[in-house]
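Protein chains get the first letters and strands the later ones, always in sequence-line order, with residue 1 at the start of each.
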There are 2 protein chains.
Amino acid sequence: MIFSSKAEYGVRLMVELGRQSPEHPTSLKAIADAEGLPLAYLEQVVARLRKAGLVMSARGAHGGYWLARPAEKIAMDEVVYALEGTIAPMECFVHDHTERVLCSHEPDAGRGCATKLLWMRVQGGVIRSLQTTTLAELVEFSRRHERSEPEPPEPDLSAPRRAAVVA
Amino acid sequence: MIFSSKAEYGVRLMVELGRQSPEHPTSLKAIADAEGLPLAYLEQVVARLRKAGLVMSARGAHGGYWLARPAEKIAMDEVVYALEGTIAPMECFVHDHTERVLCSHEPDAGRGCATKLLWMRVQGGVIRSLQTTTLAELVEFSRRHERSEPEPPEPDLSAPRRAAVVA
DNA sequence: ATAAATCCTACCAGTGCGGTCGGGTTATGA
DNA sequence: TCATAACCCGACCGCACTGGTAGGATTTAT
């Protein structure tokens, strides 16, 4: 259960754009250098963000990218959705524009998919987490943590302390 | 962002076991037939559940599997964890035995990982959803949704596992 | 004109996933 | 006692998808 690296890179890119003033555009090369990411790959990533209307671009020399909206107005579910294409815990959640959710097994007859309840709850949890986080928060977080001092007692963001990795 | 089919199959298997009385074990073959899943693959799946102590088994003729605990006492985060190995939205969440969380990029120097905040919230959302769902709920759900008549034995072997979803 | 940058499409190698196969080992029961 | 039903285990395999590269075309500032 993992987001692809497109999500990772794309979010980093958005944060980086959020740190810049939107006066003049930021080039991909600058971001690639700052984050140590492959430029050619970033191009593919940022294309998704552009098509989703989250960033704008200018071509030519001194061109680059900037946020289409202020970071406070950008919820992270939009960003992740643009990057990943879908936010679903299971591929049987691919549903057409209607409300029908069909599962690969138990195709239509018989009982409803027993796992559906579970995956819907998980999906709800994920989407809620993303919706309630704005890009501005991440920008702020990254500003606080840049190489000045050790982390202040970070107000625990609802991450349970239970052992996340059981051997 | 997707769980693997191990999670899907494993959860179905657990639900199926929850529907049976724990008096006598249920054979994998029965479950495989009921759900239309490949038996040999189910063996791998159930092995994880057994190693995690969620199911017990008896070998030999009339052997099979049963829940190690009543379904009310089984939270789904245990199940998914046993099946997936880890519940993390991003592989940079692989952290060693200490508390350090290290990210693939921005290795040690400089600011903390800007995306960390986001992924931790997502992870929290997922884990909370799973923790607050018990196997008993899923069993109950599946009981509610079963048609009165048992499904006709439709031998749809060789049903394409993968592409059946996208219309 | 040249350089800096976005844009676009095709391609490629590795890995992980879903699944199979073959062969144990253990228990029942005829 | 012996066949059979089931669990158990490890090796293997094709393929789709991911992460990344290559190469070029277009646009714009200097």
Side-chain angles (χ1 to χ4, degrees), chain A residues 1-10 12-13 17 24-33 35-52 55-66 68 83-86 90-92 94 104-105, chain B residues 1-10 12-13 17 20 24-33 35-52 55-66 68 83-86 88 90-92 94 104-105 157-166:
Chain A
M1 180 282 197
I2 252 177
F3 284 112
S4 78
S5 79
K6 279 193 178 65
E8 174 76 19
Y9 294 177
R12 283 167 186 263
L13 195 152
L17 290 185
H24 37 71
T26 307
S27 78
L28 263 199
K29 176 134 197 331
I31 296 179
D33 288 350
E35 297 275 349
L37 304 177
L39 172 63
Y41 191 41
L42 269 193
E43 289 183 354
Q44 293 178 39
V45 170
V46 79
R48 291 168 175 250
L49 296 170
R50 187 173 43 79
K51 282 167 189 158
V55 307
M56 307 190 73
S57 62
R59 305 179 67 164
H62 297 97
Y65 298 89
W66 62 94
L83 293 164
E84 291 287 317
T86 177
M90 194 61 68
E91 70 269 42
C92 80
V94 177
S104 31
H105 310 287
Chain B
M1 179 281 195
I2 253 177
F3 285 110
S4 78
S5 79
K6 279 194 179 66
E8 175 75 19
Y9 294 177
R12 282 168 186 262
L13 194 152
L17 290 185
Q20 308 295 327
H24 40 73
T26 307
S27 77
L28 262 200
K29 176 138 198 324
I31 295 179
D33 288 349
E35 297 276 348
L37 303 178
L39 172 63
Y41 190 41
L42 268 193
E43 289 185 352
Q44 291 179 39
V45 171
V46 79
R48 292 170 175 247
L49 296 169
R50 187 174 41 80
K51 282 168 190 157
V55 307
M56 308 191 72
S57 61
R59 305 179 67 162
H62 299 97
Y65 298 90
W66 63 93
L83 293 164
E84 292 288 318
T86 175
M90 194 60 69
E91 69 271 44
C92 80
V94 178
S104 28
H105 311 285
L157 310 177
S158 77
R161 285 282 165 268
R162 203 165 185 86
V165 180
V166 186

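The shortest side-chain heavy-atom distance between A:Tyr41 and A:Lys6 falls under the 4.5 Å cut-off. At least one side-chain heavy atom of A:Leu17 sits under 4.5 Å from a side-chain heavy atom of A:Tyr65.
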For this session: Report the C-alpha separation of A:Glu84 and A:Phe3 in whole Å, then their side-chain angles, then the decisive distance to 0.1 Å, and conclude whether the side chain to side chain contact (heavy atoms under 4.5 Å, CB included) test is met.
Result: CA-CA 8 Å; A:Glu84 291 287 317; A:Phe3 284 112; 3.9 Å; yes
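Counting atom types as modelled, A:Arg59 pairs a side-chain N or O with a base atom of C:dT6 as donor and acceptor under 3.5 Å. For D:dC7, its base never sits under 3.5 Å from the side chain of B:Glu43 at any donor and acceptor pair. Residue A:Gln44 places no side-chain atom within donor-acceptor reach of the base of C:dT9, judged by atom type and a 3.5 Å distance cut-off alone.
One distance of note links CD of A:Glu8 with CD of A:Glu35; it measures 9.0 Å at 0.5 Å rounding.
When heavy atoms are screened at a 4.0 angstrom cut-off, A:Ala58 is found touching the sugar-phosphate backbone but no base atom.
Rounded to a whole Å, the NE2 atom of B:His24 is 17 Å from the C1' atom of C:dA27. Across the protein-nucleic acid pair, B:Leu37 atom CG and C:dG19 atom C1' stand 12 Å apart, rounded to whole Å. B:Trp66 has its CH2 atom 11 Å from the C1' atom of D:dC7, to the nearest Å. Between the C1' atom of C:dC8 and the CG atom of A:Leu42 lies a distance of 16 Å, rounded to the nearest Å. Atom CD of B:Glu8 is separated from atom C1' of C:dC17 by 15 Å (rounded to the nearest Å). As a whole-Å value, the separation of A:Leu17 CG from C:dT6 P is 11 Å. Spacing between atom CE of B:Met90 and atom C1' of D:dT18 amounts to 13 Å, rounded to whole angstrom units. The NE2-C1' distance, from B:His62 to D:dT4, rounds to 10 Å in whole Å.
Between B:Ala61 and B:Leu39, it is B:Leu39 whose nearest contact on DNA chain C lies nearer the 5' terminus. Residue-to-nucleotide proximity on DNA chain C shows that, of A:Gly63 and A:Ala40, the 5′-proximal contact is made by A:Gly63. With the nearest nucleotide of DNA chain D identified for both B:Gly64 and A:Tyr41, B:Gly64 has the one nearer the 5' end.
An OP1 or OP2 oxygen of D:dC9 is reached within less than 4.0 angstrom by no side-chain nitrogen or oxygen of B:Arg48. For C:dG18, the OP1/OP2 oxygens have no side-chain nitrogen or oxygen of B:Tyr9 closer than 4.0 Å. Note on A:Ser4: a side-chain N or O is less than 4.0 Å away from OP1 or OP2 of D:dG19. Listed pair A:Ser57 / C:dA5 fails the phosphate criterion, with no side-chain N or O lying under 4.0 Å from OP1 or OP2.
Nearest approach of B:Trp66 to B:Pro25, heavy atoms of both residues: CE3-CB, 3.6 Å.
Candidate nucleotides C:dC8, D:dC7, C:dG19 were compared by shortest atom distance to the side chain of B:Ser5, and C:dG19 ranks first.
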